[in-house]
Amino acid sequence: MSSLTSVEMNFLVFRYLQESGFTHAAFTLGYEAGINKSNIDGNMVPPGALVKFVQKGLHYMEMEANLTNGEMESEEDFSFFQPLDLISKDVKELQEMLRERKRKERDKEKEKDKSKENDREVEGERSRLKEKDRHEKLKEREKEREREKMERDKERERERMEREKEKMERETFERERERMKVERERDIEREREREKIEREKAQEKQLGDGDRDMALDQSDNKANAGDEDHGRSSAAEPMDITMTPTSQPSHIPNSDVRILEGHTSEVCACAWSPSASLLASGSGDTTARIWNIPEGPLKSSRSISALILKHAKGKSNEKSKDVTTLDWNGEGTLLATGSCDGQARIWTTNGDLISTLSKHKGPIFSLKWNKKGDYLLTGSVDRTAVVWDVKAEEWKQQFEFHTGPTLDVDWRNNVSFATSSTDTFIYLCKIGETRPMKVFAGHQGEVNCVKWDPTGTLLASCSDDSTAKIWNTKQHSFVHDLRDHTKEIYTIRWSPTGAGTNNPNKPLTLASASFDSTVKLWDAELGKMICSLNGHRDAVYSLAFSPNGEYIASGSVDKSIHIWSLKEGKVVKTYTGEGGIFEVCWNKEGNKLAACFADNSVCVLDFRM
């Protein structure tokens, strides 16, 4: 039986302190315990891991105490214990408590039988006493009514006197207010007269100084023209875009927001259908949901219904079946989900389960359809990636190259793809090949995300080593090393612009989101930072470009969504929810934005400029 090491326990406590908001305590523990030097993959540890671990231990002790108790004959005999008993006592003591409880229940049953006999004997006497009490209560009730009537009369008299007093006070207040109003009007009139006199004096003075002012204006115009010429000759520098009090973004009103409730645990993933107004969400409550979102404005829409895709049988809340990732096929007819039980499932838009794909031996963290829709690609903690033949409902090939958990996968075309891992390597693989086509090495930390550009020529990656890199299939080393972030980079996204997109005349841009609370935009050709978007107050977990490439949305642990205009370089819309944000995504029209939160909710925002 495997045991929990002190390093692992320190990491669980560290994560618990972070998630509970005890930032200073978490930092102190992390520093003294050397958390950053441990080889534990933080991405494998789900939120709330310590609490869940302790709960499972208590449940195990409770089960052990019941199963080893020879007196248990049926499910009804199962007994529950108080959490303090489970923590402070061992199994033998719990069993003794259980036996004592059973003895008391048997004694109580005997006493109950005996008391029933006594009850029958005294029932007759009780009936007589009851009748006598009823008569006495009737008399008492009459007296009580009389007392209540007298109290009500007294209360009415007090209220009448209070009203008279309030009336007099109100009249006095009104007279005083009227007097103050008259005084204020007099003061205003006197102030107006004074200002009028001052304006007349100022106008007389300006008439004498007119020629001098014209000469000053001409001099200022020349100086401004010189400044403009100097600005045009200067080289472009990266911009730090920060929200300031003089450029506050527009908060999205509640009328343009719809909160979708129903999940009972944190919502980890969401995705819009590419062909219909359907939004899919996946949660730690072992379900995914398909929401039918109205196409018009949210303020005038009806209630929003959802199909529930259950990953666990019955009412079980097995954490092994948490939904961690999901993806629509290109036609929007099928939804694939991946969960902690290592299985991928395929569903119709009606919520029907048509395939359960089992091959992995660990949780699935990433899952993608190829463009053609005949293959599904999954990456797992078991260090492998699997390509599934969807029509045959079976695995086609398993790729076992990584030495650590596979964190992300992304198709390059219909038959080749890239994978990333905690082992710091990136592999370019192809169906039918038994060895990688390419190995990209250069990161010094876990590679959290890999994304191909729209043409499949450039591959972007980001890592816990605080860098993002751009790779080309013609080279073994990276083309660009992007090093302006100061903490781990969680995700990256290519803009839907440039060659191979619906916006070919706009330049290709790469965006990166980091735990340093910033979003940075990069020129993919030059490998230079265009600007840094500094509006969040905590780690940024998610990014999404609008379909037209003009806006980018970011979601953060600080519970806020910012929508940035790439043309203006500023936040144009913002929304703050009740929990940290795991993912944001745009619908195909670009007029609605969805986000999933740690407070078990999904929200949809109307976006209009």
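Sorted by first then second residue, the ring-ring contact (aromatic ring centres under 6.0 Å, His included) pairs that include residues 579-598, not counting sequence neighbours, are Trp586-Phe607.
Ion pairing between Glu131 and Arg134 holds under the 4.0 Å rule for side-chain N and carboxylate O. We find that Glu157 and Arg160 are joined by a salt bridge, their nearest charged nitrogen and carboxylate oxygen being less than 4.0 Å apart. Between Lys139 and Glu142 there is no salt bridge, since no side-chain N of the basic residue sits under 4.0 Å from a carboxylate O of the acidic one. Ionic pairing of Lys104 and Asp107 is not present here: no N-O contact between side-chain nitrogen and carboxylate oxygen is shorter than 4.0 angstrom. A salt bridge does not link Glu151 with Arg158: none of the charged nitrogens is closer than 4.0 Å to a carboxylate oxygen.
One finds the CG atom of Leu309 at 11.0 Å from the OG1 atom of Thr286 (value rounded to the nearest 0.5 Å). Atom NE2 of His251 and atom CG of Asp256 lie 14.0 Å apart (nearest 0.5 Å). The NZ atom of Lys149 sits 6.5 Å away from atom CD of Glu146, with the distance rounded to the nearest 0.5 Å. In this structure, NZ in Lys592 is found 8.5 Å from CZ in Arg608, a value given to the nearest 0.5 Å. Here the straight-line distance linking atom CD of Glu266 with atom CG of Asp285 works out to 8.5 Å at 0.5 Å rounding.
Ser601 and Asp599 are linked by a side-chain donor-acceptor pair at a separation below 3.5 angstrom, with hydrogens and angles left out of the test. Side-chain contact annotation: Asp341 with Ser339, donor-acceptor N/O pair under 3.5 Å present.
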Taking only distance into account, with no hydrogens and no angle test, what donor-acceptor pairs under 3.5 Å do side-chain atoms of residues 20-31 form with protein atoms, sequence neighbours excluded?
{"from": "Ser20", "atom 1": "OG", "to": "Tyr16", "atom 2": "O", "distance (Å)": "2.9"}
{"from": "Thr28", "atom 1": "OG1", "to": "His24", "atom 2": "O", "distance (Å)": "2.9"}

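Looking only at distances, no side-chain donor or acceptor of Arg15 sits under 3.5 Å from a matching main-chain atom of Ala49. A donor-acceptor pair under 3.5 Å is formed between the side chain of Arg258 and the backbone N or O of Leu298. Listed for the Asp558 side chain is a donor-acceptor partner under 3.5 Å among the backbone atoms of Arg537.
More than 12 non-hydrogen atoms from other residues, nucleotides or ligands lie less than 6.0 angstrom from CZ of Phe365. Within 6.0 Å of atom CG in Asn548, more than 12 heavy atoms from other residues, nucleotides or ligands are found, so the atom counts as buried in its surroundings. Around atom CD of Glu589, more than 12 heavy atoms belonging to other residues, nucleotides or ligands sit under 6.0 Å away. Annotation for Lys137: atom NZ does not count as buried by contact number, only 12 or fewer foreign heavy atoms lying within 6.0 Å.
Using a 4.5 Å heavy-atom cutoff, the side chains of Val257 and Ile259 are in contact. Annotation: side chain of Thr287 is not in contact with side chain of Thr264 (no heavy-atom distance under 4.5 Å).
Listed here is the closest heavy atom pair of Thr349 and Gly332: CG2-O, 3.4 Å. In terms of heavy-atom proximity, Ala271 sits nearest to Trp328 at O-NE1, 3.0 Å. Smallest separation of non-hydrogen atoms from Leu353 and Ile346: CD1-O, 3.5 Å.
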